[in-house]
Amino acid sequence: AYGVRVGKICAAAGYGIKCYFDKSLCGTVNDGDVPIYHPDDIVAKDIDLVIIASVAFYDEIYNSIKGLPCAII
């Protein structure tokens with residue numbers, strides 16, 4: 001059920017999920033067969049938009065990717 005809520009919100013807006021990034025789940029896939037990568041791989045995956053879905057780690061995640069050429073929500 002990883003990312004189901006975010007996936008539904010994106011689908012309702014007409015967008016699909018290309019992949020997820022999570023330190024603890026990297027190397028697996030979610031229920032919708034969407035791959036989960038390590039956050040260090042964001043640059044290598046040609047990502048246009050990053051949705052940070054963690055309240056607890058928002059600042060840490062944002063600070064680590066704010067220099068990337070992508071939109072961050």
Side-chain angles (χ1 to χ4, degrees):
Y2 185 85
V4 171
R5 187 179 202 189
V6 172
K8 286 181 180 181
I9 292 168
C10 289
Y15 298 98
I17 300 290
K18 182 176 181 180
C19 60
Y20 294 102
F21 294 94
D22 189 300
K23 289 180 187 178
S24 63
L25 296 172
C26 61
T28 62
V29 295
N30 82 334
D31 292 342
D33 292 328
V34 178
I36 302 171
Y37 300 109
H38 192 278
D40 292 343
D41 294 333
I42 289 175
V43 175
K45 299 297 177 195
D46 191 30
I47 303 298
D48 297 320
L49 173 66
V50 174
I51 299 172
I52 301 174
S54 171
V55 174
F57 297 104
Y58 184 91
D59 290 338
E60 177 186 341
I61 296 167
Y62 179 79
N63 287 330
S64 70
I65 63 174
K66 67 183 177 185
L68 297 179
C70 61
I72 302 171
I73 297 175

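This chain uses plain numbering: 1 for the first residue, then up along the sequence. Note that this is a predicted model, so its numbers are computed, not measured.
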Same apolar cluster (I L V M F W Y, side chains within < 4.5 Å links), Ile42/Ile72 = yes

Write down the atom of Leu25, the atom of Thr28, and the distance for their closest heavy-atom approach.
-> O-OG1, 2.5 Å

Go through the steps to decide whether Val50 and Ile73 satisfy the test side-chain contact (heavy atoms from CB on, under 4.5 Å), and finish with yes or no.
-> CA-CA 6 Å; Val50 174; Ile73 297 175; over 6 Å; no

Between Lys18 and Ile47, the two heavy atoms sitting closest are CD-CD1, 4.5 Å

Say you draw a straight line from CD1 of Ile51 to CZ of Phe21; how long is it, rounded to the nearest 0.5 Å?
-> 12.0 Å

Check whether any side-chain N or O of Asn63 sits under 3.5 Å from a backbone N or O of Asp59 as a donor-acceptor pair, and report yes or no.
-> yes

Looking at Ile17 and Cys10, what are the two nearest heavy atoms and their distance?
-> CD1-SG, 3.7 Å

Flag the pair Lys66 and Glu60 as a salt bridge only when some basic side-chain nitrogen lies within less than 4.0 angstrom of an acidic carboxylate oxygen.
-> no

Where Val29 and Ile36 come nearest, the two heavy atoms and their spacing = C-CD1, 4.0 Å

Student check: side-chain heavy atoms of Asp48 and Cys70 closer than 4.5 Å = no

Under 6.0 Å from the OH atom of Tyr58, do we count more than 12 heavy atoms belonging to anything else shown?
-> yes

Shortest non-hydrogen separation from Cys19 to Tyr37 and the atoms involved = CB-CE1, 3.5 Å

Check the hydrophobic clustering (I, L, V, M, F, W, Y; side-chain heavy atoms under 4.5 Å; chains of links allowed) and say if Leu68 and Ile61 are grouped together.
-> yes

So do the side chains of Asp22 and Pro39 get within less than 4.5 Å of each other, counting heavy atoms only?
-> no

